[in-house]
Amino acid sequence: MPELPEVETIRRGLEPHIIGLRLQSILVTDQKILTPSAREGRLAALEGQRIEGLSRRGKYLVMELTRQYLVFHLGMTGQLTLRDPRRPDSRAFQRTITGLERCEQHAPDRHTHLHIIFDDGRQLLFRDIRKFGRIYLLSRTNDELAGFFRAHRLGLEPFTAEYNLKAFLARFRNRKLRVKSLLLNQSFVAGVGNIYADEALFEAGIHPARRVSSLRKAEKERLFFALPTVLQRGIESGGTTFRDFVNSDGERGNNQEKLLVYGRENRRCLRCGTPVKKVVISQRGTHFCPTCQPLKRRRTRLDRD
DNA sequence: CGTTGATCCTGGGCGC
DNA sequence: TGCGCCCAGGATCAAC
C-alpha cells in the first residue's frame, strides 16, 4: 500500500543517511522481486558504485548510482529499512501501537529478499511479505530512466510544474470510466493509490462512482486541489500505516489517524455524521460519505421546473 | 485505443 | 485449538 506519501517518507528518511555511501555487496534471497533487468547476477555490477542521489517519481524510488539506476517499487507490502548490524535490533516486525516503536531497526527475516551492504557496514534491507514489489536495474550512462517512466505510462507528478490545472483538465478527455478508477490509473496522476484516492474524492465532495464524463469543471478543479492536499497531509504525517508500512527507521506512520473516510466504514462522517459507506469499484474497497459525496446532483431551485 | 477483470502473494480475521 | 475460507490491493496482461 505504499503510495506517493509513503514512498516519499522513505525517500526523505534514507536520503541524508545513504548519499555518498559505496555499495560493497548485494545479497538476493528471493529472485521473484527482481525484474529481468536485475536478474542473473546483473546486480553484481553495482558493487563499488556510489550513491549520488535518491529520487522519486510516483510510487517509484530511484537510487542514482555512479553508472546505473536501481529502481524500487514497493507493491503492497514492500519495506526499505536501514540497519546497522553493530546496533541492537527490534525483536520482530510486530504490530505495535503507533509511536511506541521508535527508531528500532529490524533484523532480516524470511520476508527479507534483498540486502544491500554498504562500505561502512550498514545495510539497506528490502522486505516484502506479499512479493508484489519489484526491483529494476537501468543504465544511467545512456539515460534509460525517462524511457522507463514512459514505458510504464506515468502521468502527472504532483508537486511539480507539470501538475497544473490546464494539463490536469486535458487528461479527462472524453473518458467514460468511474472517477475512482481514473484516480487509480497511474497514467492520470502518478502516485495516487487506494487510500489517497478515497481521501481526495471526499475532500473534493465527489462520489467515487461518478462517471468522469459527468464531472462539471468546478468538480474537476476541486479534485485538482484535493489531490495534493491529501498527499501533502500524508507526507507531513509520515505516511499511513494500516498494517505493513514502516519508514526507513522501522517506524510506523501517523496518517491513519487523520484519514476522513478510508477505513471508516459504518463510522460517522467527521463532517456531517452520516455513516461512511464502503463499496467495491475496480475491485478496490472504496469509502465515501453518501451525504458529502452525493451520486446525483441534489435538486436546487434552478433544477426545478 | 479504452475499459474491465483475472492474476500474482501472504498473513490475518472470521466462522465453525 | 485448528481448519478452511476469504479478504486486502498495485501493476500487468488478456479479452472484448
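Owing to the predicted nature of the structure, the values given are computational and were not obtained by experimental measurement. Proteins come first, then strands; the chains are lettered A, B, ... in the order of their sequence lines, and each starts at number 1. What's counted below: heavy atoms across the whole structure, side chains too, no hydrogens, waters or symmetry copies.
Residue A:Arg178 is classed as having no contact, given no heavy-atom separation below 4.0 Å to the nucleic acid. Using a 4.0 Å heavy-atom cutoff across all strands shown, A:Tyr262 reaches sugar-phosphate atoms only and no base atom. Among the protein residues, A:Lys278 comes within range of the sugar-phosphate backbone only, with heavy atoms under 4.0 Å from sugar or phosphate atoms but none that close to a base. No engagement by A:Arg134 is indicated, since no non-hydrogen atom pair under 4.0 Å with the nucleic acid exists. Using a 4.0 Å heavy-atom cutoff across all strands shown, A:Gly133 reaches no nucleic acid atom at all.
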What's touching nucleotides 5-9 of chain B from the protein side, N or O pairs under 3.5 Å?
residue: B:dA6; atom: N7; partner: A:Gln283; partner atom: OE1; Å: 3.1
residue: B:dA6; atom: N7; partner: A:Gln283; partner atom: NE2; Å: 3.2
residue: B:dC9; atom: O4'; partner: A:Arg130; partner atom: O; Å: 3.3

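Annotation: side chain to side chain donor-acceptor pair (under 3.5 Å) contacts involving residues 43-54 of chain A, sequence neighbours excluded, comprise A:Gln49-A:Gln68, A:Glu52-A:Arg140.
As rounded to whole Å, 11 Å separates atom P of C:dG9 from atom CZ of A:Arg243. In this structure, A:Asp109 places its CG atom 13 Å from C1' of B:dG11, rounding to the nearest Å. Per the geometry, CG belonging to A:Leu182 stands 8 Å off P belonging to B:dT3, to the nearest Å. A straight line from CG of A:Asn174 to P of B:dG2 spans 11 Å, rounded to a whole angstrom. Atom P of nucleotide C:dT12 and atom CG of A:Asn185 are separated by 11 Å, given to the nearest angstrom. Here C:dG10 presents its C1' atom at 16 Å from CD of A:Gln79, a figure rounded to the nearest Å. Going from atom CG of A:Leu183 over to atom C1' of C:dG10 covers 15 Å, rounded to whole Å. Look at NZ on A:Lys59: it is 11 Å from P on C:dG9, rounded to the nearest Å.
Listed candidates were C:dG10, B:dG2, B:dT10. Nearest to the side chain of A:His111 is B:dT10. If you check C:dG10, B:dT4, B:dT10 against the side chain of A:Arg211, the one that comes closest is B:dT4.
No side-chain donor-acceptor contact under 3.5 Å links A:Glu15 to the backbone of A:Arg12.
Counting all heavy atoms, side chain and backbone alike, A:Thr77 lies closest to A:Ile129 at OG1-N, 3.3 Å.
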Next on the checklist: For A:Ser213 and A:Lys176: C-alpha separation, side-chain torsions, deciding distance, then whether side-chain hydrogen bond (donor to acceptor under 3.5 Å, both in side chains) applies.
Outcome noted: CA-CA 6 Å; A:Ser213 53; A:Lys176 295 177 172 49; over 6 Å; no
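Between C:dA11 and A:His73, a contact under 4.0 Å exists linking OP1 or OP2 to a side-chain N or O. Considering only side-chain N and O atoms, A:His152 lies under 4.0 angstrom from the phosphate OP1 or OP2 of C:dT12.
Ring-plane geometry between A:His113 and A:His111 is classed as perpendicular, the angle between the planes exceeding 60 degrees on a 0 to 90 degree scale with a lower cut at 30.
Ion pairing of A:Arg210 with A:Glu219 is present here, as a side-chain N (NZ or NE/NH1/NH2) and a carboxylate O approach within less than 4.0 Å.
With A:Phe172 as the aromatic partner, A:Lys220 meets the cation-pi criteria of under 6.0 angstrom to the ring centre and within 45 degrees of the ring axis.
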